[in-house]
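Following: one structure in structure tokens, then a few remarks.
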There are 2 protein chains.
Amino acid sequence: MGGPARDVYDRDMTGSQDDTLLERSRRSGLRITGQRRVILEVLEGATDHPDVEELHRKVSAIEPGVNIATVYRTMNTLAEHGLIERHTFEDGRTRFEPAPTDHHDHFIDVDTGEVIEFVSDEIERLQEDIARKHGFEIVSHKLELYVRRIKD
Amino acid sequence: MGGPARDVYDRDMTGSQDDTLLERSRRSGLRITGQRRVILEVLEGATDHPDVEELHRKVSAIEPGVNIATVYRTMNTLAEHGLIERHTFEDGRTRFEPAPTDHHDHFIDVDTGEVIEFVSDEIERLQEDIARKHGFEIVSHKLELYVRRIKD
DNA sequence: TCCCTAGTTGCAATTCATTCGCAACTGGTT
DNA sequence: AACCAGTTGCGAATGAATTGCAACTAGGGA
């Protein structure tokens with residue numbers, strides 16, 4: 001709901017209040033149709049990383065009659081414009097989240113399926129080092145830690 | 001072709017010579033059919049991370065008539081027995097590699113699609129730290145660095 | 001304010017990867 | 001040699017995602 005848990009120390013993640021997905025979509029020149037308005041609203045309100053079916057279900061609850069193909073197409077359009085991020089975890093389903101201003105990685109709880117975001121500057125730094133050492137520059141990266149909660 | 005590039009220092013990765021996929025499959029109690037023998041051979045010889053279609057093509061070159069469903073089923077069986085690893089990179093296709101004795105991560109060259117393996121003990125350690133800090137223990141993880149070769 | 005049109009939508013059909021049902025076949029164990 | 005659970009080929013089925021097309025509409029311009 002808030003920003004991701006920050007490793008080592010916390011960063012101020014206060015965002016400007018009208019920097020909504022809807023506003024950002026408008027700024028990207030997308031046409032704001034009734035369907036898209038609802039999809040964006042649902043997407044923004046989601047704390048989890050929903051897949052297309054879940055989105056479609058929630059959208060339909062607000063505004064029935066929106067076709068699932070429209071949800072698919074909208075997700076593709078939003079992703080092309082960098083407004084959302086597409087994830088494919090090991091369960092196979094493609095899931096989405098509003099594009100984070102700040103990069104983060106994911107814990108995936110293997111017992112519950114829950115997805116938790118986190119950030120580690122140290123790992124980011126290390127990745128750069130390793131890539132450089134191999135003659136690469138990093139375009140993007142994906143770090144997924146499949147974890148189990150430690151019971152005490 | 002050999003082991004993955006090792007960050008910081010190299011580890012001795014000399015494997016016993018008859019520790020082939022075929023031998024390991026036998027040890028896992030799998031039935032060694034003609035089809036499987038060929039699939040395992042192709043899999044072992046592959047330096048890249050092939051998908052089912054590529055495997056099927058190579059298998060067919062050696063032994064025509066092997067159905068692609070058999071390749072699918074064999075890959076599932078091998079994965080269940082921990083003899084190969086399944087990867088889903090961002091291109092969407094599911095790809096495979098013989099299960100590495102040693103864990104490693106992947107560079108994916110965004111220009112060429114080439115997949116390069118690497119290992120960093122430092123990152124592994126850091127991941128453990130972060131997980132513990134959040135009350136998790138790591139079950140497995142996936143680190144993919146999408147990179148571009150630096151031209152100099 | 002009304003018009004125009006490129007962008008968007010609903011719907012059904014389609015694609016594409018993967019799985020499944022089932023009868024025929026076969027490794028490998030007795 | 002006989003047996004049979006595991007395996008295969010084949011075609012049909014599945015399920016996620018995409019697409020063709022005609023109808024619709026957001027929103028910029030006259």
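Order of the sequence lines fixes the chain letters, A, B, ..., with proteins taken first and strands second; residue numbering starts at 1 for each chain. Every value quoted in this text rests on a predicted model; they were computed, and no experiment measured them.
- Ion pairing between a basic and an acidic side chain is recognised when a charged N comes within 4.0 Å of a carboxylate O; B:Glu128 and B:Arg125 show no such pairing.
- Taking a cutoff of 4.0 Å between a charged side-chain nitrogen and a carboxylate oxygen, B:Arg26 and B:Glu23 qualify as a salt bridge.
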>> Could you walk me through whether A:Ser25 and A:Ile32 satisfy the side chain to side chain contact (heavy atoms under 4.5 Å, CB included) test, starting with their C-alpha distance in whole Å, then the side-chain angles of each, then the deciding distance to 0.1 Å, before giving a yes or no?
In response: CA-CA 8 Å; A:Ser25 300; A:Ile32 307 304; 4.1 Å; yes
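- Of all nucleotides in DNA chain D, those with any atom nearer than 4.0 Å to a heavy atom of chain A start and finish, going 5' to 3', at D:dA16 to D:dG27.
- Sorted by residue number, the list of members of residues 56-68 of chain B with any non-hydrogen atom under 4.0 Å from DNA chain C is empty.
- Checking side-chain atoms of A:Glu114 against main-chain N and O of A:Asp109 turns up no donor-acceptor pair under 3.5 Å.
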>> With salt bridge (charged side-chain N to carboxylate O under 4.0 Å, His left out) as the criterion, how do B:Lys58 and B:Glu54 come out once you've worked through the C-alpha distance, each side chain's angles and the decisive distance to 0.1 Å?
In response: CA-CA 6 Å; B:Lys58 289 184 182 170; B:Glu54 187 175 338; 3.4 Å; yes
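- The aromatic rings of A:His106 and A:Phe89 stand perpendicular to each other, their planes meeting at an angle above 60°, with 30° marking the opposite boundary.
- For the pair B:Glu122/A:Glu122, no side-chain contact is recorded, criterion being any heavy-atom separation below 4.5 Å from C-beta on.
- Between the CG atom of B:Leu30 and the C1' atom of C:dG28 there is a distance of 14 Å, rounded to whole Å.
- Axis orientation changes by 20° from one end of the helix from C:dT1-D:dA30 to C:dT30-D:dA1 to the other, with each end axis drawn from 5 pairs and the value rounded to 10°.
- For DNA chain D, the residues of residues 33-44 of chain B within the heavy-atom distance limit of 4.0 Å (strictly under) are B:Thr33, B:Gln35, B:Arg36, sorted by number.
- Between B:Leu55 and B:Ile39, the closest side-chain pair of non-hydrogen atoms is not below 4.5 Å.
- Between the CG atom of B:Leu22 and the P atom of C:dG27 there is a distance of 14 Å, given to the nearest Å.
- Of all the residues in residues 73-81 of chain B, B:Arg73, B:Asn76 reach under 4.0 Å from DNA chain C with at least one non-hydrogen atom.
- For B:Ala69 and B:Arg26, each mapped to the nucleotide of DNA chain C holding its nearest heavy atom, the one lying further toward the 5' end belongs to B:Ala69.
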For a quick test of your reading: what N or O donor-acceptor pairs under 3.5 Å do the side chains of residues 67-80 of chain A make, sequence neighbours left out?
residue : atom : partner : partner atom : Å
A:Asn67 : OD1  : A:Ala69 : N            : 2.9
A:Thr74 : OG1  : A:Thr70 : O            : 2.7
A:Asn76 : OD1  : A:Arg86 : NH2          : 3.0
A:Thr77 : OG1  : A:Arg73 : O            : 2.9

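- Of all nucleotides listed (C:dG28, C:dA12, C:dG7), C:dG7 comes nearest to the side chain of A:Arg31.
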>> Could you walk me through whether A:His134 and B:Ile116 satisfy the side chain to side chain contact (heavy atoms under 4.5 Å, CB included) test, starting with their C-alpha distance in whole Å, then the side-chain angles of each, then the deciding distance to 0.1 Å, before giving a yes or no?
In response: CA-CA 10 Å; A:His134 287 269; B:Ile116 301 109; 5.7 Å; no
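- In this structure, CD1 on A:Ile130 lies 7.5 Å from CG on B:Leu143, to the nearest 0.5 angstrom.
- The closest side-chain heavy-atom distance from A:Glu97 to A:Val115 is not below 4.5 Å.
- Remark: the backbone N or O of B:Val66 is paired with a side-chain donor or acceptor of B:His56 at under 3.5 angstrom.
- Rounded to the nearest 0.5 Å, atoms CD (A:Gln127) and CD1 (A:Ile138) are 5.0 Å apart.
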>> Between A:Glu41 and A:Leu22, does the side chain to side chain contact (heavy atoms under 4.5 Å, CB included) criterion hold? Intermediate values first, please.
In response: CA-CA 8 Å; A:Glu41 176 191 328; A:Leu22 187 117; over 6 Å; no
